[in-house]
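Below is one structure; the comments refer to it alone.
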Amino acid sequence: MSDFVSVPEIFGSDVFNEATMKQRLNPQTFQAWKTCIQNGTPLELSVANEIAEAMKNWALEKGATHYTHWFQPMTGITAEKHDSFIEPSGDGRVIMEFSGSALVRGEPDASSFPSGGLRATFEARGYTAWDPTAFAFVREGSLYIPTCFFSYTGEALDKKTPLLRSIDEVSREAVRILRLFGDTETKRVTPCVGAEQEYFLLPKSLYAQREDLRLTGRTLFGATPPKGQELEDHYFGTIRTRVANFMIDLDQQLWCLGILSKTKHNEVAPCQHEMAPIYSSANSACDANQLAMQVMKKCAAKHNLVCLLHEKPFAGVNGSGKHNNWSLSTDSGKNLFSPGKTPSQNAQFLVFLSAFIKGVDEYQDFLRSTVASAGNDHRLGASEAPPAIVSIFLGDELTAVVDSIIHSTNYKDPGKSLMRIGVDVLPSIPKDTTDRNRTSPLAFTGNKFEFRMLGSSQSIAGPNIALNTIMAEVLGEFADILEKAQDFETALQKLVCDTLTQHQRIIFNGNGYSKEWEEEAKRRGLSNLRSSADCLPAYVSEKNIRLVTKRGIFTESEFRARYEIHLDAYCKMVSIEAKTSIDMVLHQILPAATAYTKDLCDTLTVKKSLSVPATAEEKLIARLSDTTNRLYEACEQLKQNMDTIPEGKEEAALYYQNVILTGMADMRKEADILEQLTAKSYWPYPTYSDLLFY
Ligand code: ADP
Ligand code: MG
């Protein structure tokens, strides 16, 4: 078999990972790097020089000619600028060089990345600094070095820097709690993340014919096809050969890059698929997800397909999200969200659980804002994705435990009268219950929380920064109380019981899609921030600013800068969509409809001259003309409205949401009627049937 690949052999073969470092570095250098990542101590330049030399030699063997500081600016995607290794050797030839300082620090000319006002143009330089906790890799002839990106004054201009800060912070506070339970060993606690990635694949030839897909990543028009996802024949269905070949190729590329791609399957909507990796540390999961999204796009192109990562490429069928599975693990591999088998483990688990519940309840709006985007607005609350209301699903077993603690009432297990913290053994919480609540935005799934509100195209950094930070904050508050307690057991009982009592409103096990839940959530006082324009201002509430600054995750100006960038991105996206809609109406849809109408009119004239009945033509012409006129009016209105965008960013965002998106919907309604009235041969772009059932 010529195609045989040994997965263990190719796995990580393009990564300068720990095994390769161990092989290629001298033992002292390797140890210095290990100590650096374990204790967060800086690397000596001499050590960096040695690592750089080894990295370069390895990369050259892999065919690399360039290196790049790979970073994650606030656009949510990644950026790279490539420098070759060449240095003149003085005799008209070159040698390949790479120094420790080039590894550790770079200066991309970064004046065009969004900085939300953090960087005046006169000091436009941004700097990149190697993140030695993430592995470098070779791809398409370049050595990629994962880096942080910051301004001249040291402000974070990226998503990795605050993520690393939040990882340290939650580790520090979690270790304090572990000490209280007699754990003297654990030095670090690491947030672990597995990000399940949904995507659509379309034939490139069809995609190329749609201006909306090319410019905005989603269809702005398209009548509902005769068939959608109602037969439920795509979910977990047989994968068609063309897609299967793409998936084989994708997996091999991901494995070479050390990405633990584990699961692949068809999703609910036609043409929709998913890739889920095995979880890893939050930092590496974030890099891996960014890389996976890029590899998906490039790999699709190779197979004459296009990979759509947009949250809602098609109206009427499911959109794409990203499930962010999150847990905390000690350096010896103990999962702090595993319900323990002993009374003491039970108590410790309940402390982490109640801290999470409190944190999510108090910072619902913060979590919600981290998933806000123009694309995701089409999903959240649309009976396919979780609602815009943040709540936690615990499942029956754990809810029974929580109820018993809150009410001091009988625990449902007949053998026990009460569930006593630190005395009883927790029930086993099934990892894989079939009735898993898919409508919940944040579900406990046995030993981790699954945050399901993320959009498919977004960086997972933001939501994980929020999860780590709120967890650090509440664990810190708990540690303050428990460290001072005279009687640890009593204080612990009271803390867990009080916390669960005060924050039980955030727990909801029912149907998150239902109207009743919306009303119930309102009675409970939970926030329901429906859209980006609604929730982004909450991002910079006093409470949230206090949280992130106190925890050292963002300075106030860094945090406000992100808010500005998100608002700006939202407005720009809707603006591009509106302009694309107008363009398509004026240059494609109206001309097609009028051309068809004209031909019908010609037919009508001929038929009339022959005294042949022509009621079909007459009626069609009338309907086409009416609809065409209404479409033209709607288009004119939208154009006018686009000329009066308010100055302020917050006002602009609300205006885009309430006026522009509504105007686009009005236009789409008429355009989609025209699509159904017009003969196929006149229609200027592939329809939903063409796209989804190719
Ligand atoms: P489920 O059936 O609950 O969805 P899976 O085992 O299929 O569980 O996992 C879904 C995702 O969650 C995968 O990416 C997996 O690696 C990840 N995952 C599993 N355990 C953990 C954990 N302890 N922490 C973070 N992610 C995890
Ligand atoms: Mg899942």
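Both counts, for ligands and for their atoms, begin at 1 and track the order of listing. Here the structure is a predicted model, which means the values were calculated and not measured.
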Margin query: Within the 4.0 Å heavy-atom shell around N335, which atoms of ligand 1 are there?
Written below: 23 (N)
Notebook entry, point to check: Considering only heavy atoms, which of G446, S327, A443 lies nearest to atom 24 (N) of ligand 1?
Noted result: S327
Checklist line | Pair E473-K550, salt bridge (charged side-chain N to carboxylate O under 4.0 Å, His left out): steps then yes or no | finding: CA-CA 9 Å; E473 172 66 9; K550 174 182 166 199; 2.9 Å; yes
Check: Looking at I278, which atoms of ligand 1 are within less than 4.0 Å of one of its heavy atoms?
Finding: 16 (O)
Next item on the list: Select the closest option to atom 14 (O) of ligand 1 among A195, P277, P191, S280, judged by heavy-atom distance.
Entry: P277
Next item on the list: Check whether any side-chain heavy atom of E267 sits under 4.5 Å from a side-chain heavy atom of E198, and report yes or no.
Entry: yes
Note to self: Less than 3.5 Å apart, any donor N or O on the side chain of E450 or N324 sitting next to an acceptor on the other?
What the structure shows: no
Margin query: Can a side-chain donor-acceptor contact be found between N468 and W326 if the only test is distance below 3.5 angstrom?
Written below: yes
Check: Below 3.5 angstrom, do we get any N/O pair linking K448 and ligand 1?
Finding: yes
Notebook entry, point to check: Which is closest to atom 11 (C) of ligand 1 by heavy-atom distance: N324, T263, N325, V193?
Noted result: N325
Next item on the list: Ignoring angles and geometry beyond distance, decide whether E450 reaches within less than 3.5 Å of ligand 1 through its nitrogen or oxygen atoms.
Entry: no
Margin query: Under 6.0 Å between ring centres: does that hold for Y539 and H566?
Written below: yes
Notebook entry, point to check: Hey, do the aromatic rings of F444 and F356 have their centres closer than 6.0 Å?
Noted result: no
Notebook entry, point to check: Heavy atoms only: which of Y279, W326, F449 is nearest to atom 18 (N) of ligand 1?
Noted result: Y279
Note to self: If you take the centroid of each ring, where Trp contributes its six-membered ring, are F16 and F135 closer together than 6.0 Å?
What the structure shows: no
Note to self: Show me which atoms of ligand 1 lie under 4.0 Å from any heavy atom of E196.
What the structure shows: 10 (C), 11 (C)
